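By convention in this document, chain letters (A, B, ...) are assigned in the order of the sequence lines, proteins followed by strands, and residues within each chain are numbered from 1. Remember, predicted model here, so these are calculated numbers, not experimental data. All heavy atoms count here, side chains included; hydrogens, waters and symmetry mates do not.
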Number of protein chains: 2
Amino acid sequence: MPMLPPIRARANHLDCNQPMPKIATWNVNSIRTRLDHVCQWLDSTGVDYLCLQETKVTDAEFPRQPFLDRGYHVYCSGQKAYNGVAILSRQPLAGVEAGFAPQLPSHSELDTQKRLIRAQFAPDVILVNVYIPNGGEYDSEKYHYKLHWLKTLYVYLEQLTTQGEVILCGDFNIAPEDKDLFDASDRATKVGATDAERNLLAAIRDLGFHDAFRQFTEAPGHYSWWDYRSGAFRRNHGWRIDHLYVTPGVKARACNCHIDIAPRRLPKPSDHAPVILEIE
Amino acid sequence: MPMLPPIRARANHLDCNQPMPKIATWNVNSIRTRLDHVCQWLDSTGVDYLCLQETKVTDAEFPRQPFLDRGYHVYCSGQKAYNGVAILSRQPLAGVEAGFAPQLPSHSELDTQKRLIRAQFAPDVILVNVYIPNGGEYDSEKYHYKLHWLKTLYVYLEQLTTQGEVILCGDFNIAPEDKDLFDASDRATKVGATDAERNLLAAIRDLGFHDAFRQFTEAPGHYSWWDYRSGAFRRNHGWRIDHLYVTPGVKARACNCHIDIAPRRLPKPSDHAPVILEIE
DNA sequence: GATTCTGTAG
DNA sequence: CTACAGAATC
């Protein structure tokens, strides 16, 4: 694990009188279908940075105007029907790059699926938004694709963490510990909870990341995703797979991190709930 | 044209203190999609018998409960995705038969498409609900199927009208006269308005049927169907293709027949409006 | 234009 | 269970 320098300058948000900026991650399962939910949620929470996954829309078709109207800048990397990530920010962001290729040209084949976007969050803080592959069935092609994607993410972040602080957030499709899913039985073949996935996530974490949610909450039973099927939400049969990982300089400034389950209660919700990190 | 006997007994509805029973026909273009529209419309109009077409659902999947809750009996003959007819009735109905086969076994091949259901409406009145084929393009296979279906319906009704009064209603996909469609130009090849179709409809009518709507309204410009495309409804570019045909005994008791265009104004409407016949 | 299916994905 | 694509139907 490389030594991490202290934050070298005040973050953007501190330059503009926002005492407690909020950074959130939310797999919306189609930004077009969830447009009203997201707009109302932004209006009510005042989140300053929102990292979206599964936007399921090309950049040309991304519904920018509702967010522009609310004072957000929109940075997106999407495709038709599947995947797609975006960052909404009240501040204009520099250093926006989509995919692995700008940093790892040899891994550009992974960029046909739009799963990663990053931006300069502050002069020495980079924000990385990921939608890690679901993984399908255990030992399937999709499962191995997920493992390969995680290994590539490790290399990507290994480089990035040497440059300064990092906020890494998104839908990881991994429950880090048994207490992060409602039923950890048969976990050897339960995709999202297997050793291979957890070990790769642990390797990434060991680059210097801390699970912001676990800074504030140790208890089990807190989830960010519930299957649409068989009343999983009603029974709280969920998984905590949406995360904000932060390097020490950001960790030191973290004030709170929680999952907001209110949007999951709405009619026609995303199957994921947003997770909010507040930093001073 | 066979001589028709007078009505031999009071209709069911007169046995239960409903002074002005209403019989309606409505192509709902998917009963599942239009469930709320139909329920609200039944609640507001108090229609007693509703003949539905294009229910697009198997009998096992038909959403019965909302109608049972409202005091209707449900008789349906449907299939997956296409076609499908049903009768809703406040009274339980006897003599329910689906398709041509019970009466014309030699034409059972037409019953693979669920387009006909009938029931005993009163001791000497039979109610027949049809969804006549659309016909596709002029001179196409579908067009000739429509003509064949109409010829079979003629034979079916030729038998039925000897047994008593008949109410024949449904989506006929035929505008009987030029005034029944907004643009009768090029009608030689305009499916729904060609001579072959009109002649077959006229042959059926000549079995003793009267167009109930035309008992009360002679004017052109009254339509029951408008294409979803190009603002056809807004411009009243429609066709009158949903009909209630009644034999003389019923005609003598008809008090009103009108098209209710209100449901066509709702969000996500069927492309057809219901037609209501009131009888004393 | 609106709905349905099949197929894919999660 | 929800969403999207693409084809077919009307």
Side-chain angles (χ1 to χ4, degrees), chain A residues 27-35 37 53-58 61 78-84 113-115 131-137 140-143 145-146 171-174 191-192 224-235 237-239 241-242 264 266-272, chain B residues 27-35 37 53-58 61 78-84 113 115 131-137 140-143 145-146 171-174 191-192 225-235 237-239 241-242 264 266-272:
Chain A
N27 179 321
V28 289
N29 189 11
S30 170
I31 187 60
R32 285 180 292 193
T33 302
R34 228 64 64 198
L35 189 55
H37 285 23
Q53 304 89 37
E54 283 208 86
T55 53
K56 294 186 174 178
V57 68
T58 61
E61 299 279 309
Q79 66 188 93
K80 189 158 59 166
Y82 306 118
N83 311 311
Q113 297 185 18
K114 305 305 183 187
R115 296 180 175 278
Y131 172 48
I132 292 179
N134 172 286
E137 298 286 298
S140 67
E141 191 175 320
K142 287 183 206 292
Y143 178 75
Y145 182 84
K146 181 180 190 174
D171 175 2
F172 286 68
N173 274 310
I174 300 174
V191 174
S224 64
W225 175 82
W226 301 259
D227 198 306
Y228 283 123
R229 285 162 286 194
S230 58
F233 181 68
R234 180 177 44 77
R235 301 189 289 172
H237 284 188
W239 294 52
I241 59 179
D242 300 275
R264 180 63 237 239
L266 297 174
K268 294 241 156 224
S270 168
D271 43 353
H272 294 253
Chain B
N27 179 320
V28 289
N29 189 11
S30 170
I31 187 60
R32 285 180 291 195
T33 302
R34 227 66 62 199
L35 188 55
H37 285 21
Q53 303 89 38
E54 282 209 86
T55 53
K56 294 186 174 177
V57 68
T58 62
E61 299 279 308
Q79 66 187 90
K80 188 158 61 167
Y82 304 117
N83 312 310
Q113 297 185 17
R115 295 179 175 278
Y131 171 48
I132 293 179
N134 173 286
E137 298 287 298
S140 67
E141 191 175 321
K142 287 183 205 292
Y143 178 75
Y145 182 84
K146 181 179 190 174
D171 174 2
F172 286 68
N173 274 310
I174 300 173
V191 174
W225 175 83
W226 301 260
D227 198 305
Y228 285 124
R229 286 163 284 195
S230 58
F233 181 67
R234 180 177 45 78
R235 299 191 289 173
H237 284 188
W239 293 52
I241 58 180
D242 299 276
R264 179 63 234 242
L266 297 174
K268 296 232 158 233
S270 168
D271 44 352
H272 294 252

Rounded to whole angstroms, how far apart are [atom1] on [X] and [atom2] on [N]?
| X | N | atom1 | atom2 | value |
| --- | --- | --- | --- | --- |
| Q53(B) | dT3(C) | CD | P | 18 Å |
| N83(B) | dC5(C) | CG | C1' | 14 Å |
| R229(B) | dA2(C) | CZ | P | 11 Å |
| W239(A) | dG10(C) | CH2 | C1' | 13 Å |
| F233(A) | dG10(C) | CZ | P | 23 Å |
| Q79(A) | dT8(C) | CD | P | 17 Å |
| Y228(B) | dA2(C) | OH | P | 7 Å |
| I132(A) | dG10(C) | CD1 | C1' | 15 Å |

Heavy-atom check, side chain of [X] versus side chain of [Y], under 4.5 Å:
| X | Y | result |
| --- | --- | --- |
| E61(B) | R32(B) | yes |
| I241(A) | F172(A) | no |
| R115(A) | P133(A) | yes |

Checklist entry - Is there a donor-acceptor pair under 3.5 Å between the side chain of R34(B) and the backbone N or O of K268(B)? => result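 Yes; judged by distance alone, with no hydrogens or angles, the pair exists.
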Next on the checklist: Using a 4.0 Å cut-off to any heavy atom of chain B, which nucleotides of DNA chain D are the first and last in contact, reading 5' to 3'?
Outcome noted: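 Counting from the 5' end, contacts occupy dT9(D) to dC10(D).
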Checklist entry - So which of T55(B), D171(B), D242(B) actually passes side-chain hydrogen bond (donor to acceptor under 3.5 Å, both in side chains) with N27(B)? => result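 Between N27(B) and the candidates, side-chain hydrogen bond (donor to acceptor under 3.5 Å, both in side chains) is satisfied uniquely by D171(B).
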Item to check | Selection from dC5(C), dA9(C), dT3(C) that lies nearest to any side-chain heavy atom of S30(B) | outcome: dT3(C)
Checklist entry - Side chain of T33(B): nearest nucleotide among dG10(C), dC5(C), dT3(C)? => result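 In terms of side-chain proximity for T33(B), the closest of dG10(C), dC5(C), dT3(C) is dT3(C).
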Next on the checklist: Students often get this wrong, so: under 4.0 angstrom with heavy atoms, is Y131(A) touching a base, only sugar-phosphate, or nothing?
Outcome noted: sugar-phosphate
Next on the checklist: Base, sugar-phosphate or nothing for R234(A)? Non-hydrogen atoms, less than 4.0 Å.
Outcome noted: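 Counting heavy atoms under 4.0 Å across all strands, no contact is made by R234(A).
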Item to check | Residue closer to the 5' end of DNA chain D, H272(B) versus R32(A) (nearest nucleotide) | outcome: R32(A)
Checklist entry - Do the side-chain N and O atoms of K146(B) and N134(B) include a donor-acceptor pair separated by under 3.5 angstrom? => result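 Their side chains do not contain a donor-acceptor pair, so the 3.5 Å distance test is not met.
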Item to check | Under 3.5 Å side-chain donor-acceptor pair for Y131(B) and E54(B) | outcome: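 Yes, E54(B) and Y131(B) have a side-chain donor paired with an acceptor closer than 3.5 Å.
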Item to check | Distance test, side-chain N/O of K80(B) to OP1/OP2 of dT6(C), below 4.0 Å | outcome: yes
